[in-house]
Amino acid sequence: YFRFFLSSLGGGLVVAVFALFKVVMARWDLPLGIEAFLYGVNYSLSCELIYHTGATLATKQPALTANTIARALGDPDERHLVELEDLVVRVWRSQFVSFVGNLAMALPVAFLLSEVFFRLSGSMVADSGKATEMLTGLHPWQTGTVLYAAAAGVFLFAAGLVSGWVDNRNLYARIPTRVAHHPLLIRLMGPRRATGLAGFLDRNLGILAGNVFLGFALGSLGTVGEILGLPLDIRHIAFASAEFGTALEVLHFQVAWPILWPIALGIVLIGLVNFVVSFGLSLVTALESRRITWNETRVLARHLGHRFMARPLEWFFPPRGRGTGA
C-alpha cells in the first residue's frame, strides 16, 4: 500500500512537469492542428515515462483489470463472486491511495515549477486570463467537467483495449521472432541487439501503443473539439491537479473562497468519475465474458453495499493482518 503511494507520487511528479510543458506550448499560438499533435506527443511521453519509471497514474490501472476480473469470476458453471468482491475492494483502495499520491505531488510541484519558470524567464507561465480559464474549466456544474471526466474514463478503458489488441496481434503475427531474425536488423544491429529489441517489443509493445493512444486522447481532444466546433474535452484528476496548482501560482492565491471550494470539489469528482467509468466498463466487459446474469449482478452490488456499510475503512486502508496487498 505504501509502495503504491510512493509510485503515485512519482506519477504526480511526471504529470506536473508535462502539464507545465502544455501550458508553455499554449503560449506559442500555433495552428490548431499542430497544437493538437504537440499536445498529444507531450502527454504520450508523460504516459510512457510514468510506465518506464514504475510510477503510477491514477485511474489507469482499473481499465486494465478486465482479464483479472474474468479470472476471479471463474468459469460460468462455478462462480466466485466473493473473490470478485475482494478484488473490487482492493482496486478501489489502490485507486484511493493513487488519487492521494498524484494530487499530493502534482499540485504543489506544478505550483513550484510555475514559480521557477517565472524566476528563470522573468515572465509568468500564463497570463491571469489563462489561469482563470484553467480554474473555471474545473468547476463541476458551470462547465462540462463531469462529462469530460467521464470521457477520460472511456479513453482510459479504450487504452486498455488497444494494449490488449496490440499484444494479441504481436503474439499472433510472431513479431518478436520476426524482428530477432530479420536479416537487415541483424546486419545493422548484430544478432544480440536484434534479439534484445525483439524481447523489448514482446514485453512492451502493447502498453506502448496504449500509452500513445491515451496520451493523444488526454492531450489533444480539447483542441480537436475546438477545430471541429464541438464541446469535446478531457479531465483527468492528475492533470487537473497540476493545472490547479499552476493557476493558483499565476493568480498569487487571489481566488475567492466561493470560487475555490467548488473547484476543489470538481477535482475530487473528476477522480471519482474517472475511476467509476474506466473500472465500470472493465467490470461490465468481464461480467459479459463470463455470462453473469442480471440477478447475479444485483447480488454482487448488494453485497458490496453491505460490505461498505459494515467496514467502510477497508475501502480506503488495508486491514491489519491481511497481507500487504493494496
Side-chain angles (χ1 to χ4, degrees), residues 11-50 57 102-103 105-139 142-145 147-149 151-152 155 211-255 259-260 263 266-267 270 274:
L13 176 62
V14 174
V15 164
V17 173
F18 284 86
L20 178 72
F21 291 164
K22 183 180 179 182
V23 176
V24 172
M25 290 177 189
R27 295 157 47 104
W28 297 346
D29 293 326
L30 297 169
L32 292 179
I34 297 176
E35 181 181 85
F37 175 76
L38 290 180
Y39 284 175
V41 171
N42 180 55
Y43 275 20
S44 295
L45 290 175
S46 72
C47 292
E48 298 292 0
L49 186 58
I50 288 172
L57 181 66
N102 278 181
L103 195 152
M105 182 63 76
L107 196 159
V109 170
F111 181 93
L112 292 174
L113 288 176
S114 181
E115 180 67 21
V116 169
F117 183 91
F118 172 72
R119 299 291 182 183
L120 294 179
S121 67
S123 63
M124 305 297 294
V125 68
D127 58 32
S128 59
K130 176 64 175 178
T132 302
E133 179 185 337
M134 292 165 64
L135 284 181
T136 55
L138 302 176
H139 200 288
Q142 292 184 356
T143 65
T145 290
L147 292 177
Y148 299 153
F155 282 113
N211 284 336
V212 170
F213 172 85
L214 181 61
F216 271 86
L218 294 179
S220 62
L221 187 64
T223 306
V224 171
E226 190 176 350
I227 294 172
L228 299 177
L230 297 174
L232 300 177
D233 211 342
I234 290 291
R235 294 289 185 272
H236 184 274
I237 182 172
F239 292 98
S241 301
E243 290 182 4
F244 187 50
T246 300
L248 286 180
E249 195 280 331
V250 172
L251 297 174
H252 304 292
F253 284 102
Q254 300 300 313
V255 183
I259 298 175
L260 196 60
I263 294 172
I267 293 176
I270 288 170
N274 288 162

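Start at 1 with the first residue, then count along the sequence. Predicted model, so just to flag it, every value in this text is computed and none were measured.
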Query raised in the report: Is there a side-chain contact between Ser44 and Phe213 (heavy atoms, below 4.5 Å)?
Result: no
Looking only at heavy atoms, the pair that brings Thr223 and Leu32 closest together is CG2-O, 3.3 Å
Any non-hydrogen side-chain atom of Phe18 less than 4.5 Å from a side-chain atom of Leu45? yes
d(Asn42 CG, Glu35 CD) to nearest 0.5 Å is 11.5 Å
For Asp233, the side chain to side chain donor-acceptor pair (under 3.5 Å) test, sequence neighbours excluded, returns Arg235
Closest heavy-atom pair, Val15 versus Ala242, reported as atoms and distance to 0.1 Å, is CG1-CB, 4.3 Å
dist Glu243:CD -> Leu248:CG (nearest 0.5 Å) comes out at 12.0 Å
On a heavy-atom basis, the closest approach of Ala152 and Leu218 is CB-CD2, 4.3 Å
When rounded to the nearest 0.5 Å, the distance separating NE2 of His139 from CD1 of Ile267 is 12.0 Å
Between Ala16 and Val109 the two heavy atoms that sit nearest each other are CB-CG1, 3.5 Å
- prompt: For the residue pair Tyr43 and Phe239, is the inter-centroid distance of their aromatic rings smaller than 6.0 Å?
  reply: yes
Sorted by chain and number, sequence neighbours left out, side-chain contact (heavy atoms from CB on, under 4.5 Å) with Val17 holds for Phe21, Leu113
Applying salt bridge (charged side-chain N to carboxylate O under 4.0 Å, His left out) to Glu115 and not counting sequence neighbours gives Arg119
When you look at Leu57 and His236, which way does the side-chain contact (heavy atoms from CB on, under 4.5 Å) test go after all the steps? CA-CA 10 Å; Leu57 181 66; His236 184 274; 3.6 Å; yes
Review point. Do Asn274 side-chain atoms and Ala149 backbone N/O form a donor-acceptor pair below 3.5 Å?
Key: yes
So CG of Leu135 and CG of Leu260: to nearest 0.5 Å the spacing works out to 8.0 Å
Looking at Ser114 and Ala110, would you say the former's side chain and the latter's main chain have a donor-acceptor pair under 3.5 Å? no
Side-chain heavy-atom pair Glu249, Pro108 within 4.5 angstrom cut-off: no
Closest heavy-atom pair, Val250 versus Ala131, reported as atoms and distance to 0.1 Å, is CG1-CB, 3.7 Å
**Item:** Check against side-chain contact (heavy atoms from CB on, under 4.5 Å), Phe37 and Ser220
**Value:** CA-CA 7 Å; Phe37 175 76; Ser220 62; over 6 Å; no
inquiry  = Could you check whether any side-chain heavy atom of Phe117 comes within less than 4.5 Å of a side-chain heavy atom of Val24, counting everything from C-beta outward?
reply    = yes
Quiz item: Could you go step by step and tell me if Ile237 and Ser241 meet the side-chain contact (heavy atoms from CB on, under 4.5 Å) rule?
Solution: CA-CA 6 Å; Ile237 182 172; Ser241 301; 4.1 Å; yes
Lys22 side chain near Leu38 side chain, heavy-atom distance below 4.5 Å: no
Rounding to 0.5 Å, atoms OG1 (Thr246) and CE (Met124) come to a distance of 10.0 Å
query = Can you check side-chain contact (heavy atoms from CB on, under 4.5 Å) on Ile263 and Phe244, steps first, answer last?
reply = CA-CA 9 Å; Ile263 294 172; Phe244 187 50; 3.7 Å; yes
Scanning both residues in full, the closest heavy-atom pair of Leu232 with Gly225 reads CB-CA, 3.8 Å
